[in-house]
Amino acid sequence: MIKVGDTLPATTLMEFSEVEGNGCSIGPNPVDVAKAAAGKTIALFALPGAFTPTCSAKHVPGYVEKFAEFKAAGVDEIWCLSVNDAFVMGAWARDQKTGDKVRMLADGSADFAKATGLTLDLAARGMGLRSNRYSMLVKDGKVASLNVEGPGKFEVSDAATLLAQAKG
């Protein structure tokens, strides 16, 4: 499993982008993790799936609400990762009104989740291999803090916990 001090895996995520105002798609577009993280401080959080109850009711909204506080703490970007396709992540972004506050990044084949060792097997629930729920503070592509949830928990990957680490 990835740990503090490690570099993020050299993978590519996908991001669905729209032209503001007319809704015309200009995505999905590839996001090279190494290039996108270079020289930035990123509040990254991952979750099992878009539109799932805890993820939609608590996880994403917390990061959207604390966007200004993250910026004030020196965070350049907030990333939300899920093992879903870019079209689902784009629809979820619209539903959650993430706007330019949270980048909704698709890890469609779970390549990032597998490379970090942070997978969650939900095959018994019909969801297949997913990402575990966690958050991490990333500085210039390296993990500065990591908060991995226990099975079925939502206690340490929330926005308030990662914000405190960003301020610290």
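The backbone N or O of D111 sits less than 3.5 Å from a side-chain atom of D107, completing a donor-acceptor pair. A donor-acceptor pair under 3.5 Å is formed between the side chain of D76 and the backbone N or O of T41.
Side-chain contact check for L44 versus L81: some heavy-atom pair is nearer than 4.5 Å. Taking the side chain as every heavy atom from C-beta outward, Y63 and F45 approach each other to under 4.5 Å. Side-chain contact between R103 and E15 is present, with at least one heavy-atom pair separated by less than 4.5 Å. Looking only at side-chain heavy atoms (C-beta outward), P9 and I2 come within less than 4.5 Å of each other. A 4.5 Å side-chain heavy-atom check between I42 and M136 finds every atom pair outside the cut-off. At least one side-chain heavy atom of V60 sits less than 4.5 Å from a side-chain heavy atom of T98. With a 4.5 Å cut-off on side-chain heavy atoms, V33 and F112 count as touching. Counting only heavy atoms from C-beta outward, the side chains of K114 and L129 approach each other to under 4.5 Å.
Between the side chains of K142 and T7, a donor-acceptor pair is found at a separation under 3.5 Å. No side-chain donor-acceptor contact under 3.5 Å links N147 and S157. Side chain to side chain, S82 and N84 meet the donor-acceptor criterion of an N or O pair below 3.5 Å.
Taken from CZ in F70 to CG in L137, the straight-line distance is 8.5 Å, to the nearest 0.5 Å. Here the CG atom belonging to L47 is positioned 11.0 Å from the CG atom belonging to L120, to the nearest 0.5 angstrom.
Under the salt bridge (Lys or Arg N to Asp or Glu O under 4.0 Å) test applied with E77, the options K40, K139, K101 reduce to a single match, K40.
Ring orientation note: the planes of F154 and H59 are nearly perpendicular, at an angle over 60° on the 30°/60° scale. Ring planes of W92 and F51: tilted class, angle from 30 to 60°.
Of all non-hydrogen atoms in G108 and V83, the two that sit nearest each other are O-CG1, 3.9 Å. For the residue pair V148 and Y134, the shortest heavy atom distance occurs at CA-CB, 3.9 Å. Closest non-hydrogen pair, Q96 versus V64, comes out as O-CG2, 4.5 Å.
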Practice item. Could you give me the CA-CA distance, side-chain angles and deciding distance for M89 and M14, then say whether side chain to side chain contact (heavy atoms under 4.5 Å, CB included) is met? Key: CA-CA 9 Å; M89 293 300 281; M14 296 298 285; over 6 Å; no

